Amino acid sequence: MTLSDFIGALKDNPYFGAGFGLVGIGTALAVARKGAQVGMIFFRRHYMITLEVPSRDKSYHWLLSWITKHAKHTQHLSVETSYMQHESGRVHTQFDFHPSPGNHIIWYGRKWIRVERTREKQMVDLRPPNILQHTSRRYEQLDFLNFSKISRELALKQEEGRTVMYTALGAEWRPFGFPRRRRPLSSVVLENGLAERIVDDVKEFIGNPKWYTDRGIPYRRGYLLYGPPGCGKSSFITALAGELGYSICLMSLSDRSLSDDRLNHLLSVAPQQSIILLEDVDAAFVSRELLPTETPLAYQGMGRLTFSGLLNALGGVASSEARNVFMTTNFIERLDPALVRPGRVDLKQYVGHCSHWQLTQMFRRFYPQESAAGAERFAEQALTAHTELSAAQVQGHFMLYKTDLAGSIKNIAEMKE
Ligand SMILES: Nc1ncnc2c1ncn2[C@@H]1O[C@H](COP(=O)(O)OP(=O)(O)OP(=O)(O)O)[C@@H](O)[C@H]1O
């Protein structure tokens, strides 16, 4: 039997024909699948473009709120809980629902947009921040610009004339609550010329980055406001942020989940044009000279944040963006000298009890119809009745007698918190 006879016999064999046919179909499908994959890769490479928005980028939150608004039908949501404890002990909690990490398809402007939320993988010891990826057709590159612009406008509209408060969530800063109406500087009455002095200093710093780069000095400035409670430290910083059009990044050093790495990371990724506010710095650490006998245990270093970690983080924030760190305390004597040395704290300011001048100013703000002489009399009587008065006490008293000036003066001796 020759080879041609053998092939002829196989051709006529129905089993062989069917097997050959099946193999042929399988191969054709595999080739088609591979072709589709290659075609998709080719298409993506040449016709698609991906925009990556890291979480530390300013537009990240704008895009995230845009996506949250538009990806209404997504089935995967993740909750983000922000938590803030006020000095009064009052706890403020907020739940935000965002599309969870993964793919989300959004129908917008008569187009499908695919948004992918992913987590950055190379971070150690930190809750990884998210990345948003937005994919569009290459010839519609302008889409990115429009998309980013629209989300920015949406966010800016919400923030117009307002101060955004950020709190630290994992390794990221997240806006907390709705942006607050800006507090005018004039509403915080500090000792004559004090507010202007700090405002001028901050403005001078923000306006002169070149001075720092020319001298190789890290572009940051630290401020410490200290003094008794209720005298306007926090209120002034909030008003200052409003004046500058800055946001506030509020951080508590006694947060037990704060580690050296996390603090360092948070300081370096704080949103641009923001003030970092560390309130009650004495609550987390006390001067090493006071330890261990005279200090209550509650005040000793807590959590995984170490004192040297804090010093390094404050001294080591190298950023091209102006970095303003404000700290407040009621007990400056409890702070370690290393914490308040120049480089970490460049301007220290005592914000104390009300002076005669402050009392007259506050009186005139509350009772604008009253004469200057009336305000002087009020200030004198208040200081005769009380040696120390905080602005919060005075404000509380005025609130009590909002429409009753005579009552306000008559009951001056009862002014209390
Ligand atoms: N100098 C001031 N001018 C106007 N209002 C003030 C002033 N100081 C305090 N207040 C009012 O008193 C309240 C408490 O003030 P604030 O929280 O700013 O004080 P603080 O000095 O930061 O206190 P603490 O040291 O306890 O944090 C606020 O409602 C604020 O409006």
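Order of appearance sets the numbers: ligands from 1, and atoms from 1 within every ligand. Keep in mind that what you see is a predicted model, and the values were worked out from it rather than measured. All values below were derived from every heavy atom in this structure, side-chain atoms included, with hydrogens, water molecules and symmetry-related copies excluded. The first residue of the sequence shown is numbered 1, and numbering continues consecutively from there.
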With a 4.5 Å limit on heavy-atom distance, are the side chains of F378 and F366 in contact?
-> no

Could you see which bit of K233 sits under 4.0 Å from ligand 1, with heavy atoms only: side chain, backbone, both or neither?
-> both

May I ask you to check whether S234 has an N/O atom sitting below 3.5 Å from an N/O atom of ligand 1?
-> yes

Contact check: G230 vs ligand 1, nitrogen or oxygen atoms, below 3.5 angstrom = yes

So is G232 polar-close to ligand 1, meaning N/O to N/O under 3.5 Å?
-> yes

Are side-chain heavy atoms of L258 and L266 found at a separation under 4.5 Å?
-> yes

So is there a nitrogen or oxygen of N330 less than 3.5 Å from a nitrogen or oxygen in ligand 1?
-> yes

Between Y401 and N411, do the side chains contain an N or O donor and an N or O acceptor separated by less than 3.5 Å?
-> yes

Once the angle between the rings of F363 and F398 is folded into 0 to 90°, is it parallel (under 30°), tilted (30 to 60°) or perpendicular (over 60°)?
-> perpendicular

Short N/O distance, under 3.5 Å, between C231 and ligand 1?
-> yes

Is it the side chain (CB and beyond), the backbone, both or neither of S390 that lies under 4.0 Å from ligand 1, heavy atoms counted?
-> neither

Ligand 1 contact by R183, heavy-atom criterion under 4.0 angstrom = yes

Is it the case that more than 12 heavy atoms not belonging to R215 sit under 6.0 Å from its CZ atom?
-> yes

Would you say Q358 has any N or O atom under 3.5 Å from an N or O of ligand 1, going by distance alone?
-> no

Using a 4.5 Å cut-off on heavy atoms from C-beta on, say whether the side chain of L194 contacts that of Y350.
-> no

Polar proximity ligand 1 side, V189 side, N/O cut 3.5 Å exclusive = yes

